[in-house]
Amino acid sequence: MLDYQAPRDLLKDKVILVTGAGDGIGREAALNYAAHGATVILLGRTSSKLEAVYDQIEAAGHPLPAIVPVDLKGATAAHYRGMAETFAQQFGRLDGVLFNAGLLGTLSPFEHIQEQEWDEVMQVNVKSEFLLTQALLPLIRQTAKAHGDASIVYTSSSVGRKGRAYWGTYAISKFAIEGMMEVLADELENTAVRVNTLNPGGTRTKMRASAFPAEDPQLLKTPADLMPLYLYLMGADSRGKTGQTFVAQPKAAQPK
Ligand code: NDP
């Protein structure tokens, strides 16, 4: 999938929301979606990072993005409903959502998982995605009906399909995302909305560095290396693919 070559105008006229768009993989995805013609809604918690992405897109002459500063830890269903109303008024469509923002939390033995941290990781990685999906679905369905398709992509992890010692709440949250994707994909089977998860695999970002501090980051793929798959799933070439987990780096390609 990393050899997919996206046409330059793959996402022309589309409106795509990216969560966690200020850093890491989300930042790279936002830049790439804009470079392929999309108006990107940049959602994240650090305004200065979102503004830097905005400036980069503007300087490149791509469609001007929008910025939505939100801390997914504190946002409520009412916030998400308000957001959905604003998107409907401002853009009139929502062709895709990349749920990318995520929190690693502390890696620790199961017995040492703190309740407060469990709640925070579940809030950011699962509940916020559930609530935001619920709020955005009417606009997404409407867009798919009017324009032929729409795509929801959740970000998973290898530990979201096979549990691993000490990955605690993070792993459990990614299992929940895989489940949410399957439930929603099944419900939307007869619509033009596709729902999938994407497991980026080990990637050179801050999150990876905090999980594997002794690892040489040069051995890892960069967010830019993964973009063919991120583009494929957002664009019309993946029409009809739904209910699936896409793995960017099959095991053999990953550093041990
Ligand atoms: P980073 O930590 O580099 O980036 C995460 C992004 O999420 C940041 O922009 C961060 O904002 C944002 N974010 C975190 N918490 C919140 C919050 N409460 N509210 C709003 N935004 C928030 O992570 P990656 O780019 O590495 O990860 C992206 C996704 O890929 C995650 O879902 C992760 O689980 C998944 N993944 C990553 C792998 C890897 O090796 N890198 C491997 C497998 C999966 P801010 O910059 O302001 O902190």
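As the structure lists them, so they are numbered: ligands from 1, and atoms in each ligand from 1. Quantities reported herein were computed from a predicted structural model and do not represent experimental measurements.
- At least one side-chain heavy atom of M207 sits under 4.5 Å from a side-chain heavy atom of Y170.
- At a 4.0 Å heavy-atom cut-off, ligand 1 does not touch R204 at all.
- Near K73, the atoms of ligand 1 lying under 4.0 angstrom from a non-hydrogen atom of the residue are 18 (N).
- The closest heavy-atom contact to atom 36 (N) of ligand 1, among the options P200, S48, G102, comes from P200.
- With a 4.0 Å heavy-atom cut-off, ligand 1 is reached by no atom of R27.
- The side-chain heavy atoms of F99 and V153, taken from C-beta on, include no pair separated by under 4.5 Å.
- One finds a salt bridge joining R161 and E182 here, because a Lys/Arg side-chain nitrogen approaches an Asp/Glu carboxylate oxygen to under 4.0 Å.
- Between S157 and ligand 1, no pair of N/O atoms sits closer than 3.5 Å.
- By the 4.0 Å heavy-atom criterion, N125 is excluded from the residues contacting ligand 1.
- In terms of polar-atom proximity, R208 is not counted as a contact of ligand 1, lacking any N or O under 3.5 Å from an N or O of the ligand.
- Of all the heavy atoms of T19, none lies under 4.0 Å from any atom of ligand 1, so neither backbone nor side chain is involved.
- Residue-to-ligand polar distances place L72 within reach of ligand 1: an N/O pair is separated by less than 3.5 Å.
- Under the side chain to side chain contact (heavy atoms under 4.5 Å, CB included) test applied with Y154, the options N125, T245, L184, N196 reduce to a single match, L184.
- By the 3.5 Å distance cut-off applied to N or O atoms, T203 is counted among the residues near ligand 1.
- Remark: aromatic rings of W167 and F212 are close, center separation under 6.0 Å.
- Side-chain contact check for L132 versus M83: some heavy-atom pair is nearer than 4.5 Å.
- For atom 13 (N) of ligand 1, the candidate residues are G24, A101, G26; the nearest heavy-atom contact is made by A101.
- For ligand 1, the atoms closer than 4.0 angstrom to any heavy atom of T155 are 29 (C), 30 (O), 32 (O), 35 (C).
- P200 is listed as a side-chain neighbour of Y230, based on a closest heavy-atom distance under 4.5 Å.
- Distances below 4.0 Å separate heavy atoms of G202 from the following atoms of ligand 1: 40 (O).
- Counting heavy atoms under 4.0 Å from ligand 1, residue I25 touches it through both backbone and side chain.
- The shortest distance between side-chain heavy atoms of K174 and E178 does not fall below 4.5 Å.
- The option with the heavy atom closest to atom 45 (P) of ligand 1, from among K174, Q249, R45, is R45.
- The backbone of S156, and not its side chain, has at least one atom closer than 4.0 Å to an atom of ligand 1 (non-hydrogen atoms only; backbone = N, CA, C, O).
- Applying the 4.0 Å criterion to heavy atoms of Y170 picks out, from ligand 1, the atoms 33 (C), 34 (O), 35 (C), 36 (N), 44 (C).
- Looking only at side-chain heavy atoms (C-beta outward), D95 and D13 stay at 4.5 Å or farther from each other.
- Inter-residue side-chain proximity for S173 and L103 is flagged as unmet; no heavy-atom pair is nearer than 4.5 Å.
- At a 4.0 Å heavy-atom cut-off, ligand 1 touches T205 through the side chain alone.
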